[in-house]
Enquirer: 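One structure follows; several queries about it will come next.
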Amino acid sequence: MSRDVALFLRTLDERLDPTKLLARVVEGEPDAWQRQLLTSTSDTIMVLASRRIGKSTTVGVMAAQELAQPRHEVIIICPSLAQSQLLFAKIAFTWDLIGLPIADKRRTLLELHLENGSVARCVPAGQEGTSARGHGIKRGALIYDEAAFIPDKVFGSTLAIAEDDAKTILITTPGGKSGRAYDMWSNLDDFPEVERIRACSLDLPRMAKTVERARRNMSPLEFKVEHGLSWMGRGTPFFDPETISNAYTDTPALALGDIYAGL
């Protein structure tokens, strides 16, 4: 079998079943939540995911799958420029790993343009999403990374980007109990079209070591949010009551006279 035929068969297999590409990227079996996301046929999907669970890698595989098809576009909206650059690096790495004979036309820190007409862009959201306005995706995906931390004005100005056969995907750790992302996750009546996927590190044996380290180093509230997938209520303090209590002492304050008495 020639190298070109072998490459075609392998990449065809991975394009038909994107979980096989993810398995090659992570060098292991995908999680159930990753399989559900990669094989979903829903137009709108939201993933509530723990920290360090593989969100960026999975988004990279999804973007690469779209780029392999002619004239598909992927726009990923991130809260900040730094996050945009990190996520784009994941996408570019995954695209290079696939090894398809489709050359780059142009590649920057935030964009990849291919000879087949497909494009991937990571866009910093800002406060109003103005940097993403003017785009339209007829075939491909509009992806919101860390959607719970993206302002509502951004959603208002960018949700219309996904047209025709484009998917809209929100993937995020929990934030506060307000805003568009929280409503889309919690309000089934107003958003019946959303397929909801829960990706909790506490359910995954492969995450056990990471989870235990986080449990030791985080406050109970931080751990509950970032690994237990609990949304923060309005007015929830960043430090839990036990931590605040332990910061105080019953030792009487040292009076100025005591200093002189000790001399």
Side-chain angles (χ1 to χ4, degrees), residues 31-51 53-56 58-59 62-63 66 73-80 83-84 87 121-203 221 224-238:
D31 299 327
W33 73 269
Q34 291 171 314
R35 290 185 179 277
Q36 184 179 350
L37 175 58
L38 290 172
T39 59
S40 174
T41 58
S42 299
D43 289 334
T44 306
I45 309 164
M46 184 169 183
V47 182
L48 189 66
S50 301
R51 293 281 182 206
I53 205 169
K55 298 189 299 296
S56 297
T58 308
V59 169
M62 295 179 68
E66 296 293 343
E73 187 169 4
V74 178
I75 293 180
I76 303 171
I77 297 177
C78 304
S80 69
Q83 285 173 299
S84 299
L87 186 54
R121 295 183 175 91
C122 282
V123 181
Q127 293 301 307
E128 298 185 357
T130 52
S131 55
R133 285 179 179 168
H135 292 290
I137 306 173
K138 294 187 180 299
R139 293 177 298 277
L142 171 64
I143 302 173
Y144 293 89
D145 184 49
E146 290 297 2
F149 303 94
I150 292 177
D152 282 358
K153 282 187 177 181
V154 174
F155 287 106
S157 61
T158 59
L159 278 169
I161 288 174
E163 307 169 2
D164 300 345
D165 297 324
K167 287 187 174 185
T168 300
I169 299 160
L170 296 82
I171 186 163
T172 187
T173 48
K177 288 184 177 180
S178 62
R180 184 62 175 258
Y182 175 72
D183 290 342
M184 290 181 72
W185 179 261
S186 59
N187 195 329
L188 276 64
D189 291 334
D190 287 351
F191 300 96
E193 75 284 2
V194 177
E195 179 180 353
R196 296 165 180 84
I197 300 174
R198 193 172 184 271
C200 183
S201 58
L202 305 183
D203 300 333
L221 175 60
K224 188 177 180 182
V225 171
E226 297 201 356
H227 287 276
L229 299 183
S230 295
W231 294 83
M232 292 183 292
R234 294 179 177 87
T236 300
F238 183 77

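Excluded from the calculations below are hydrogen atoms, water molecules and symmetry mates; all remaining heavy atoms, backbone and side chain alike, are included.
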Enquirer: Write down the atom of R198, the atom of L229, and the distance for their closest heavy-atom approach.
Expert: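 For R198 and L229, the tightest heavy-atom pair comes out as CG-CD1, 3.6 Å.
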
Enquirer: Could you state the interatomic distance from NZ (K55) to CG (L48), rounded to the nearest 0.5 Å?
Expert: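 Answer for the NZ-CG pair, K55 versus L48, is 9.5 Å.
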
Enquirer: To the closest 0.5 Å, what do you measure between CE (M232) and OH (Y182)?
Expert: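 One gets 12.0 Å once the value is rounded to the nearest 0.5 Å.
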
Enquirer: Any chance you could measure I171, atom CD1, to I143, atom CD1, to the nearest 0.5 Å?
Expert: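 Separation between the atoms: 8.5 Å.
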
Enquirer: Without swapping roles, check the side chain of D145 against the backbone of C78 for a donor-acceptor pair under 3.5 Å.
Expert: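 Side chain of D145 to backbone of C78, a donor-acceptor pair under 3.5 Å: no, none is there.
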
Enquirer: Show, in sequence, the C-alpha distance, side-chain angles and deciding distance for E193 and T44, and conclude whether the side-chain hydrogen bond (donor to acceptor under 3.5 Å, both in side chains) test is met.
Expert: CA-CA 7 Å; E193 75 284 2; T44 306; 5.0 Å; no

Enquirer: Could you tell me if the side chain of D183 sits less than 4.5 Å from the side chain of F155, heavy atoms only?
Expert: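 No; the side chains remain at least 4.5 Å from each other.
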
Enquirer: Answer yes or no: is there a donor N or O on one side and an acceptor on the other, between the side chain of R196 and the main chain of W185, under 3.5 Å?
Expert: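 Looks like yes, one N/O pair under 3.5 Å.
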
Enquirer: At their closest point, which heavy atom of S230 faces which heavy atom of P174, and how far apart are they?
Expert: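 For S230 and P174, the tightest heavy-atom pair comes out as O-CB, 3.5 Å.
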
Enquirer: Between I76 and S84, is there a side-chain heavy-atom distance shorter than 4.5 Å?
Expert: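 No, side chains not in contact.
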
Enquirer: Tell me which one of H135, K138, E66 satisfies side chain to side chain contact (heavy atoms under 4.5 Å, CB included) with E73.
Expert: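 Of all the options given, the one that passes is H135.
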
Enquirer: Taking all non-hydrogen atoms of both residues into account, name the closest pair between Y144 and L159 and its distance.
Expert: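 Shortest heavy-atom separation between Y144 and L159 comes out as OH-N, 3.3 Å.
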
Enquirer: Measuring from atom CG of L38 to atom CD of Q34, what distance do you get when rounded to the nearest 0.5 angstrom?
Expert: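 Reported value, rounded in 0.5 Å steps: 7.0 Å.
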
Enquirer: Which atom pair, heavy atoms only, marks the closest approach of A49 to T173?
Expert: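 Distance-wise, the nearest heavy atoms are O-CG2, 2.9 Å.
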
Enquirer: Can you find a pair of side-chain heavy atoms, one from E195 and one from T41, that are under 4.5 Å apart?
Expert: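 A side-chain contact is absent here, since even the closest heavy-atom pair is not under 4.5 Å.
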
Enquirer: If you compare all heavy atoms of S201 against all heavy atoms of S50, which two are closest, and at what distance to 0.1 Å?
Expert: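 For S201 and S50, the tightest heavy-atom pair comes out as N-OG, 2.9 Å.
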
Enquirer: Might you point out which heavy atoms bring I150 and I77 nearest each other, and give the distance in Å?
Expert: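 Scanning both residues completely, I find the closest heavy atoms to be CD1-O, 3.7 Å.
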
Enquirer: How long is the span from the CG atom in L37 to the CE atom in M46, to the nearest 0.5 Å?
Expert: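 Nearest 0.5 Å value for the CG-CE distance: 12.5 Å.
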
Enquirer: Is any side-chain heavy atom of W33 closer than 4.5 Å to a side-chain heavy atom of I53?
Expert: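 Yes - at least one pair of side-chain heavy atoms lies under 4.5 Å apart.
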
